[in-house]
Amino acid sequence: MVPYADRKLKVFSGNANLPLAKAMAEHIGVSLGDMNVGLFSNGEIRVDVNESVRGADCFVISSGVQPVNQHLMELLIIGDALRRASARRITAVLPHYPYARQDRKARGREPITAKLVANLITTAGFARLLTIDLHANQIQGFFDKPVDHLHAGPLIAEYFKQKGYGGKDTVVVSPDASGVARARDLATKLNCGIAIIDKRRPEPNVSEVMNIIGEVNGKAAIMVDDMIDTAGTIVHGAEAIKKAGATHVFAACSHGVFSGPAYERLATSPFEEIVVTDTIPTTSDLLGDRLKVVSVAPLLARAIIRIHEDLSVSKIFDEEPRL
């Protein structure tokens with residue numbers, strides 16, 4: 001580790017994803033800030049910052065990891081502690097933004113919790129947000145502060161390129177119409193076509209495949225989404241694609257939430273590999289070597305350095321992805 005020259009850059013982490021935080025700090029060339037994050041006897045979160053942050057540019061790493069509510073509160077309390085300790089600027093680094101799926105009112109009397117979380121982050125004292133692959137791009141507009149929105153697509157594309165996939169014998173599949181832009185972006189990077197699964201949801205967390213729009217017969221199919229939660233949608237899609245004649249079927253997503261029956265469903269699915277990033281800690285004996293994790297630590301580390309040095313973060317997208 002080469003120490004970063006500017007000691008006004010400080011990186012802190014809650015308990016949500018310490019392996020990713022440590023990897024990011026190593027790529028930056030700093031040590032994680034000296035801080036204790038624990039619990040009082042009644043379960044309330046306690047934060048002690050054990051070093052001076054006066055005038056420092058602080059980055060706080062957390063993520064939407066179970067238990068989500070506890071880790072969100074950790075982030076808010078750490079931000080408040082740093083603000084009251086006179087940090088010059090505090091940036092929330094949330095690789096996986098929590099409550100992102102509730103970004104609008106789909107029916108009466110529903111909350112918009114993605115906006116509520118944005119308000120809480122701002123109130124806690126954070127001056128900007130650094131995140132990866134928001135569930136909906138409009139969440140950026142929920143903040144009156146700068147939002148640096150990174151994408152894991154280039155890393156995922158590089159992974160499949162190194163395995164020899166791409167071109168006319170590969171197709172990228174969107175599990176629904178809302179993910180077409182994401183699928184098209186990955187297909188462009190792999191120089192291949194796209195297909196779309198037409199589905200309906202008779203009730204929440206239940207999906208039914210109606211049609212496959214596009215050609216998958218005789219091709220290696222890569223199903224891409226921003227997250228895999230209970231895995232019902234993506235597994236049903238994989239079964240339909242395999243039945244339609246796909247030679248190989250892969251899953252790829254930025255955020256492996258994997259809640260409820262996800263691991264069991266994926267273990268019995270046609271997927272040869274499930275490719276995720278480490279925005280959420282992921283491991284499973286059920287999936288074994290079929291689960292492939294691509295690290296976003298180098299990407300986030302480069303973004304943090306550029307933010308600290310007041311350089312363009314979008315220039316990262318012009319660089320070659322680093323696995």
Apply the test side-chain contact (heavy atoms from CB on, under 4.5 Å) to residues Val249 and Glu272: give CA-CA distance (whole Å), side-chain angles for both, the deciding distance (0.1 Å), then the verdict.
CA-CA 6 Å; Val249 185; Glu272 295 180 24; 6.0 Å; no
Is the His151 to Phe317 ring centre distance short of 6.0 Å?
yes
Tell me whether Val93 shares a hydrophobic cluster with Ile28, the cluster being built from Ile, Leu, Val, Met, Phe, Trp, Tyr side chains joined at under 4.5 Å.
yes
Nearest 0.5 angstrom please: Asp57 CG to Ile90 CD1, how far?
9.5 Å
Closest contact, heavy atoms only, Asp103 versus Ala136:
OD2-CB, 3.0 Å
Quick check: do Glu319 and Arg302 have side-chain heavy atoms less than 4.5 Å from each other?
yes
What are the two closest non-hydrogen atoms of Ala303 and Leu150, and how far apart are they?
CB-CD1, 3.8 Å
Answer yes or no: does atom CG of Asn42 have more than 12 heavy-atom neighbours from other residues, nucleotides or ligands under 6.0 Å?
yes
Just to verify, which of Asp229, Thr279, Asp226 counts as forming a side chain to side chain donor-acceptor pair (under 3.5 Å) with His255?
Thr279
Hey, does Met35 have a side-chain heavy atom less than 4.5 Å from the side chain of Val47?
yes
Between Arg128 (side chain) and Val147 (backbone), is there a donor-acceptor pair under 3.5 Å?
no
Counting N and O atoms only, with roles assigned by atom type, does the side chain of Lys115 sit under 3.5 Å from a partner on the main chain of Phe142, one being a donor and the other an acceptor?
yes
With a 3.5 Å distance limit and no angle check, can you tell me whether Arg290 reaches the backbone of Ile274 through a side-chain donor-acceptor pair?
no
Between Thr282 and Tyr263, is the side-chain contact (heavy atoms from CB on, under 4.5 Å) condition met? List the steps.
CA-CA 11 Å; Thr282 304; Tyr263 286 119; 3.6 Å; yes
Please say yes or no: joined through hydrophobic side-chain contacts below 4.5 Å, possibly via intermediate residues, are Leu75 and Ile61 part of one cluster?
no
Do Val171 and Cys192 make a side-chain contact, defined as non-hydrogen atoms from C-beta onward lying under 4.5 Å apart?
no
Least distance between heavy atoms, Lys189 atom then Lys161 atom:
O-CE, 2.9 Å
In terms of side-chain geometry, is the basic nitrogen of Glu273 or Lys163 positioned less than 4.0 Å from the acidic oxygen of its partner?
yes
Is Asp169 salt-bridged to Lys219, going by a charged N under 4.0 Å from an acidic O?
no
Does the Ser62 side chain pair with the main chain of Leu94, one donor and one acceptor, at a distance under 3.5 Å?
no
Closest non-hydrogen atom pair, Phe12 against Asp34:
CE2-N, 4.0 Å
With heavy-atom distances below 4.5 Å as the criterion, would you say the side chains of Val11 and Met24 are in contact?
no
Main-chain N/O of Asn191 paired with Lys168 side-chain donor or acceptor, under 3.5 Å:
no
Does any part of the side chain of Lys145, heavy atoms only, come nearer than 4.5 Å to the side chain of Thr122, both counted from C-beta?
yes
So, taking the atom named OG1 in Thr170 and the one named CD1 in Ile194, what distance separates them when rounded to the nearest 0.5 Å?
14.0 Å
Non-hydrogen side-chain atoms of Ile45 and Leu39 separated by less than 4.5 Å:
yes
Are there more than 12 heavy atoms of other residues, nucleotides or ligands under 6.0 Å from atom NZ of Lys292?
yes
Grab the two heavy atoms, one from Asp133 and one from Ala152, that are nearest each other, plus how far apart they are.
OD2-N, 3.0 Å
Side chains of Asp148 and Ile307: does their closest heavy-atom pair fall under 4.5 Å?
yes
Could you state whether Ile78 and Leu18 fall into the same hydrophobic cluster, counting links through intermediate Ile, Leu, Val, Met, Phe, Trp or Tyr residues with side-chain heavy atoms under 4.5 angstrom apart?
no
Are Leu155 and Thr277 close enough, and set up right, to give a side-chain contact (heavy atoms from CB on, under 4.5 Å), and what steps lead you there?
CA-CA 9 Å; Leu155 297 173; Thr277 75; 5.5 Å; no
Please answer: with hydrophobic residues joined when any side-chain heavy atoms are less than 4.5 Å apart, are Phe126 and Leu116 in the same cluster?
yes
Nearest non-hydrogen partners of Ala252 and Ile222, listed with the distance:
CB-CG2, 4.2 Å
Do Asp185 and Arg182 meet the salt-bridge criterion of a basic N to acidic O distance under 4.0 Å?
no
Other cluster members, Val257 - Ile/Leu/Val/Met/Phe/Trp/Tyr, side-chain contacts below 4.5 Å
Val65, Met227, Ile280
Do side-chain atoms of Tyr97 reach the backbone of Ile139 as a donor and acceptor pair under 3.5 angstrom?
no
Do Leu134 and Ile132 belong to the same hydrophobic cluster, where Ile, Leu, Val, Met, Phe, Trp and Tyr are linked whenever their side-chain heavy atoms lie under 4.5 Å apart, directly or via other members?
no
How long is the span from the CG atom in Leu82 to the SG atom in Cys58, to the nearest 0.5 Å?
5.0 Å
Is there a donor-acceptor pair under 3.5 Å between the side chain of Asp278 and the backbone N or O of Pro281?
no
So does Asn217 get a backbone contact from the side chain of Glu215, meaning a donor-acceptor N/O pair under 3.5 Å?
yes
Counting only N and O atoms by type, is there a donor-acceptor contact under 3.5 Å from the side chain of Asp225 to the main-chain atoms of Ile234?
no
Heavy-atom side-chain proximity of Asp80 to Thr123 below 4.5 angstrom
no
Distance from Arg306 atom CZ to Leu130 atom CG, nearest 0.5 Å?
13.0 Å
Residue pairs meeting ring-ring contact (aromatic ring centres under 6.0 Å, His included), one or both in residues 157-178, sequence neighbours left out, come to Phe160-Phe250, Tyr165-Phe250
Could you measure the distance from the CE atom of Met223 to the CD1 atom of Ile241? Nearest 0.5 Å is fine.
4.5 Å
Rounded distance [0.5 Å steps], OG in Ser52 versus NZ in Lys10:
7.0 Å
side-chain contact (heavy atoms from CB on, under 4.5 Å) between Leu291 and Val276, worked out
CA-CA 8 Å; Leu291 181 64; Val276 301; 4.1 Å; yes
Answer yes or no: is there a donor N or O on one side and an acceptor on the other, between the side chain of Ser269 and the main chain of Val235, under 3.5 Å?
no
Can Asn36 and Asp48 be said to form a side-chain hydrogen bond (donor to acceptor under 3.5 Å, both in side chains), step by step?
CA-CA 5 Å; Asn36 298 324; Asp48 296 302; 4.8 Å; no
Within a radius of less than 6.0 Å around CZ of Arg88, do more than 12 heavy atoms belonging to other residues, nucleotides or ligands occur?
yes
Could you tell me whether Arg184 atom CZ has more than 12 heavy atoms of other residues or ligands within 6.0 Å of it?
no
Salt bridge present between Glu239 and Lys242 (N-O < 4.0 angstrom):
no
Restricting to side-chain hydrogen bond (donor to acceptor under 3.5 Å, both in side chains), what partner residues turn up for Asn69, sequence neighbours left out?
Tyr99
